[in-house]
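Below, read A as the first sequence line, B as the second, and so on, with proteins coming before strands; counting in each chain starts at 1.
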2 protein chains.
Amino acid sequence: MDTTSEVRVCWDANAYLAQCPSRTVLSAIADKWTCLLVDALSDGPMRFGELRRRLDGITQKSLTQTLRDMERDGMLTRTVYPTIPPKVSYELTDLGRSVTRLMAGIKVWAEQHADEIVAARHLYDARAGQEPLPVTTTPR
Amino acid sequence: MDTTSEVRVCWDANAYLAQCPSRTVLSAIADKWTCLLVDALSDGPMRFGELRRRLDGITQKSLTQTLRDMERDGMLTRTVYPTIPPKVSYELTDLGRSVTRLMAGIKVWAEQHADEIVAARHLYDARAGQEPLPVTTTPR
DNA sequence: CGGTATCCGCTGCGATACTG
DNA sequence: CAGTATCGCAGCGGATACCG
């Protein structure tokens, strides 16, 4: 019989393990919008409209959703000013600020290696076009 | 008439811009599986099965797809040993190795702040349950 | 062992319309 | 201005089956 009915769930945090909370956290922050939002807010509070204009191509829905998720995770605070028209300001918390360097690093890496990666993709796609004959040429 | 039929596409890389190649690159690397794969491979080549076991919870399909995408992007090489049974080894390229520190940083951050974020989520969700509060907070 | 192929349910996301 | 609500589709990821 199992005398300890409670399952042991507190290992050391290890994002390789599917059931570890850090895996969920990793899923949450490993996202392009989260990365850009953290970076955009690293210089100080910004309003909803400012963020929407800065993150070119983001839809209102995605921006709202990502901001809500980050607020829920304690990465940023949402402050509503009951003015007319309404004004909502978003600001990183200490937790959010603690990841700004990493996010900026990811963003800069993407920018610095974009050309290299685009070239690699073209090369790969070109090779795929003239690949040696597939062994099984009989789909049915 | 437009004498310059070619659109100007080479600004300075800026991931905030939807049409900038770096945005696509950011989308590609800001992914939990990519992060974990880069980290797992940072110590040297690994076989498909080793990776599958290490990245707990990943499906064969997702692993194959993510590895293919990374190979296409020039982040890693895929080597097939025509033995029986087959053996396939994956190894980071210089490009892939150049991002290992950042990826490890993201992973470690997730692990170190998991508890804090889980707590924030519970707090947020608890508030949501009992927040019929009107506009009370009035930070001028 | 290391894949590929196929089906398929879920949700992520865009587009649109409406509101305090 | 900063949302919420709703619809509809595409794509992702899971499950399963099969192959070299």
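One can place CG of B:Asp31 at 11 Å from C1' of D:dC12, the figure rounded to the nearest angstrom. Rounding to whole angstrom units, CG of residue A:Leu55 and P of C:dC13 are separated by 14 Å. As a whole-Å value, the separation of B:Ile58 CD1 from D:dG13 C1' is 10 Å. Rounding to whole angstrom units, CG of residue B:Leu63 and P of C:dT4 are separated by 11 Å. As rounded to whole Å, 13 Å separates atom C1' of C:dG2 from atom NZ of B:Lys87. If you take CZ of A:Arg68 and P of C:dG12, they are 17 Å apart, rounded to a whole angstrom. Distance OH (A:Tyr90) to P (D:dA2): 8 Å, rounded to an integer number of Å. We find that NZ of B:Lys61 is positioned 12 Å from P of D:dA15, with the value rounded to whole Å.
Across its full length, the helix from C:dC1-D:dG20 to C:dG20-D:dC1 shows an angle of 50° between the axes of its 5 terminal pairs at either end, rounded to 10 degrees.
Taking 4.0 angstrom as the limit, A:Arg78 places a side-chain polar atom (N or O) nearer than this to OP1 or OP2 of D:dG3. Within the structure, a side-chain polar atom (N or O) of A:Thr59 is placed less than 4.0 Å from OP1 or OP2 of C:dG14. Distances shorter than 4.0 Å separate none of the side-chain N or O atoms of A:Thr64 from OP1 or OP2 on D:dA2. At D:dC1, none of the side-chain N or O atoms of A:Arg47 fall inside 4.0 Å of OP1 or OP2 (strictly under the cut-off). Taking only side-chain nitrogens and oxygens, B:Ser62 comes nearer than 4.0 Å to OP1 or OP2 of D:dG14. Put simply, A:Arg52 has no side-chain N or O that comes within less than 4.0 Å of OP1 or OP2 on D:dA2.
Counted by atom type alone, B:Asp73 and A:Tyr124 present zero donor-acceptor pairs between their side chains at under 3.5 Å.
Contact annotation: the side chain of A:Gln19 never approaches that of A:Leu17 to less than 4.5 Å [non-hydrogen atoms, C-beta and beyond]. For the pair B:Ile29/A:Trp109, a side-chain contact is recorded, criterion being any heavy-atom separation below 4.5 Å from C-beta on.
Comparing C:dA17, C:dG3, C:dC1 by their nearest atom to the side chain of A:Gln60 picks out C:dA17. The side chain of A:Pro85 has D:dC1 as its nearest neighbour among D:dC1, D:dT6, D:dG14. Among the nucleotides C:dC1, C:dC13, D:dG3, the one closest to any side-chain atom of B:Pro86 is C:dC1.
Residues passing the salt bridge (Lys or Arg N to Asp or Glu O under 4.0 Å) test with A:Arg47, sequence neighbours excluded: none.
In this structure, B:Tyr81 reaches neither bases nor backbone, as no heavy-atom distance under 4.0 Å exists between it and the strands shown. At a threshold of 4.0 angstrom between heavy atoms, the contacts of B:Gln65 with the nucleic acid are absent.
In the displayed structure, A:Asn14 atom CG is contacted under 6.0 Å by more than 12 heavy atoms of other residues, nucleotides or ligands.
Using a 4.0 Å cut-off between charged side-chain N and carboxylate O, B:Asp69 and B:Arg72 make no salt bridge.
Atoms CG and CG, on B:Leu37 and B:Leu92 in that order, are 9.0 Å from each other to the nearest 0.5 Å. Between the CZ atom in A:Arg54 and the CG atom in A:Asp56 there is a gap of 11.5 Å [rounded to 0.5 Å].
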